[in-house]
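First the structure, which I've put down as structure tokens, then a few questions once you've had a look.
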Amino acid sequence: MTQPAADAPADPAAPAGRGALGRLIGIRPGEGPALAWSWAYIFSLLAAYYVLRPIRDQMGVASGLENLPWLFTATLVGMLALNIPFGWLVKTLPRARFVPLTYRFFALNILLFALALFLAPPGADIWIGRVFFVWLSIFNLFVVSIFWATIVDVFTTEQGKRLFGFIAAGATLGAIAGSATTAILARSVPSWALLLCAVGLLETAVFSMRGLARLSERLHQVPAAEAREAIGGSIWAGLTRTLASPYLLNIGLFLLLFSVTSTFLYFEQAGIAKRSFPDRGAQTAFFAQVDLLVNILTLGVQLFLTGRIVRRIGVGWTLALLPAVSAAGFAALALSPTIAAIVGFQVLRRAGNFAIARPIREVLFTVVPREDRYKAKGFIDTVVYRLGDQVGAWSFTGIAALGLGATAVAATAVPLSLAWLLNSLWLGRAQERRAAAAEAQAAAAEAQAAQGEAAQGEAAEARAADGTATEAKPAQARA
């Protein structure tokens, strides 16, 4: 057997370097800087959100559980309204401009909330809290959706399967930092002061996004000239292109079913907190502690398991893990609706979403056109998600109005989870078909380009031969 040459070039598919990180997730040449910027970007966003999230949850409880469905309704209306100007920004401006503008708009909103809480007279904070609940429910989906749209725009499908779980670990670390900050300071620091921390973190996210965008050309996914141009299209493309595509519609169904079942669990957790912790500071600390536990569990899975799982069983079966766990969890909850069961299920489910389902769901968008990555994805991540909240909130209210308890809610969620599982498997097969078609198209384009270059070379050789023959004829005549 012939041995390879000692100076043979390194295999580009091999993990970069010999470090533990390269062996752990298979980082390849040129990907390290992009991963570092991605981590800084999502760390800042999630730290900002998780500083704010426990404050929102406490304000939602303080305003009355009976008002939560109306708050979810207002959130859906606000999400629909915000998608229109965001669609205009995506249509008109390049990514390097519309992303910072969106984040700084939200940062200005946070400053206004901090000022309102600082100046509010006693009793007025209830209404501020309701507005803040709606606003943060819009904020968290928009800023994270924009992050993942940027990531999908920079990395390929193959890179997504390897790296998105690892990138999501940066989100988990940010969430842990934000949750720990609020859990420690909530009893001694006023809410308006905590809001100011989130403003600085959003500006850090803008800086990191620009650093990542500069690497787009190096990663061979979006040419620099294309990245500098506006995406164009219609401001309504998020809606129209989603409705016109069975693939995008099924991604929307995946998120809708996840959101409905998540809302069922959220209402149960809110009720437990209000009954168990009468003090508002204790309620905020409780929500932060639950978030902290979720994120610690999530981090371990993201660092060590997510990439390995999707490479071993594929996108469809990986996506199906969360609905399978949900079906089993809701069935167990229907049989034994205890506090411990609800909290334990919430922790496992949310960790499974953040560690596995969310990063792998983003792989689905690596095989759609660039316009869909920002517009259709933004519509699905925000409006469809909040529509699921709405359906779940009013369904929960309707079940309670019939005099049925937690057992009926859990029993209703079981068939929804099974439908969600089938939807996941369909999406996995569709994604693989699209990825294979894209690879075949790229291979055909490369072959056509190679044939064109070969034809040009042959033509050049023919012209050179003709020139030599032409020069030889006068010489023969003179002889």
If we ignore hydrogens and angles and just use 3.5 Å, is the side chain of Thr306 paired with the main-chain N or O of Ala355 as donor and acceptor? yes

All heavy atoms of Ala331 vs all of Val414, minimum pair found to be N-CG2, 3.6 Å

Is it the case that the side chain of Thr92 and the backbone of Leu89 share a donor-acceptor pair, with hydrogens and angles ignored and the cut-off at 3.5 Å? no

Please say whether the positively charged group of Arg361, taken as NZ for Lys or CZ for Arg, lies over the ring of Phe254, i.e. under 6.0 angstrom from the six-membered ring centre and within 45 degrees of the axis. no

Are the side chains of Phe86 and Val90 in touch, meaning some heavy atoms are under 4.5 Å apart? yes

Heavy atoms of other groups near Trp317 CH2, more than 12 under 6.0 Å: no

Whether the side chain of Ser259 engages the backbone of Leu255 through a donor-acceptor N/O pair (distance < 3.5 Å, no angle test) should be reported. no

Pairing residues for Gln431 by the side chain to side chain donor-acceptor pair (under 3.5 Å) criterion, not counting sequence neighbours: none

Answer yes or no: is there a side-chain heavy-atom contact under 4.5 Å between Trp420 and Leu416? no

Smallest heavy-atom separation, Gln159 atom then Val154 atom, equals OE1-O, 4.3 Å

Nearest heavy atoms of Leu201 and Ala48, plus distance in Å: CD1-N, 3.5 Å

Sub-4.5 Å side-chain heavy-atom contact between Arg358 and Val144: yes

Nearest heavy-atom approach of Leu202 to Tyr103 is CD1-O, 3.9 Å

Is a side-chain donor-acceptor pair under 3.5 Å present for Arg349 with Ser326? yes

Could you verify whether a donor N or O on one side chain and an acceptor N or O on the other, from Asn250 and Trp426, lie under 3.5 Å apart? no

Apply the test side chain to side chain contact (heavy atoms under 4.5 Å, CB included) to residues Arg434 and Val368: give CA-CA distance (whole Å), side-chain angles for both, the deciding distance (0.1 Å), then the verdict. CA-CA 8 Å; Arg434 283 173 168 250; Val368 301; 4.0 Å; yes

Do you know the tightest heavy-atom contact between Tyr247 and Leu364? OH-O, 2.8 Å

For Thr366, is there any backbone N or O sitting under 3.5 Å from a side-chain donor or acceptor partner on Arg373? yes

If you define the side chain from C-beta out and look only at heavy atoms, does anything of Thr75 sit under 4.5 Å from Asp389? no

Can we call the ring centroids of Trp37 and Phe207 under 6.0 Å apart? yes

Hey, is the main chain of Phe166 close enough, under 3.5 Å, to the side chain of Trp39 for a donor-acceptor pair? yes

Quick one: do Leu321 and Ile309 satisfy side chain to side chain contact (heavy atoms under 4.5 Å, CB included)? Show the steps, please. CA-CA 10 Å; Leu321 290 176; Ile309 290 172; 4.0 Å; yes

Is there a side-chain contact between Phe43 and Ser208 (heavy atoms, below 4.5 Å)? no

Stepwise side chain to side chain contact (heavy atoms under 4.5 Å, CB included) check, Ile167 with Tyr41: CA-CA 10 Å; Ile167 290 172; Tyr41 185 178; over 6 Å; no

Heavy-atom pair with the smallest gap, counting every atom of Val347 and Leu297: CG1-CD2, 4.3 Å

Stepwise, does the side chain to side chain contact (heavy atoms under 4.5 Å, CB included) test hold for Leu141 with Asp381? CA-CA 7 Å; Leu141 292 185; Asp381 285 350; 5.7 Å; no

Side chains of Asn83 and Thr382: do they bring a donor and an acceptor to under 3.5 Å? yes

Quick check against the 3.5 Å criterion: does Arg386 have a side-chain atom that pairs as donor or acceptor with the backbone of Ser137? yes

Which label fits Phe98 and Tyr374: parallel for a plane angle under 30°, tilted from 30 to 60°, or perpendicular past 60°? perpendicular

Are Phe365 and Ile251 side-chain neighbours, meaning at least one heavy-atom pair lies under 4.5 Å? yes

Counting distance only, does the side-chain N/O of Lys375 pair as donor-acceptor with the main-chain N or O of Ser234 below 3.5 Å? yes

Where does the angle between the aromatic ring planes of Phe354 and Tyr50 fall among parallel (under 30°), tilted (30 to 60°) and perpendicular (over 60°)? perpendicular

For residues 391-400, which side-chain N or O atoms pair as donor and acceptor with protein atoms under 3.5 Å away, sequence neighbours left out?
{"unit_1": "Trp394", "atom_1": "NE1", "unit_2": "Thr73", "atom_2": "OG1", "d": "3.0"}
{"unit_1": "Ser395", "atom_1": "OG", "unit_2": "Val391", "atom_2": "O", "d": "2.6"}
{"unit_1": "Thr397", "atom_1": "OG1", "unit_2": "Ala393", "atom_2": "O", "d": "3.0"}

Name the residue from Ile360, Ile356, Leu305, Leu319 that meets the side-chain contact (heavy atoms from CB on, under 4.5 Å) definition with Val310. Ile360

Check: Ile84 and Trp236 side chains under 4.5 Å, non-hydrogen atoms: yes

Does the side chain of Val152 reach to within under 4.5 Å of the side chain of Phe164, using non-hydrogen atoms? yes

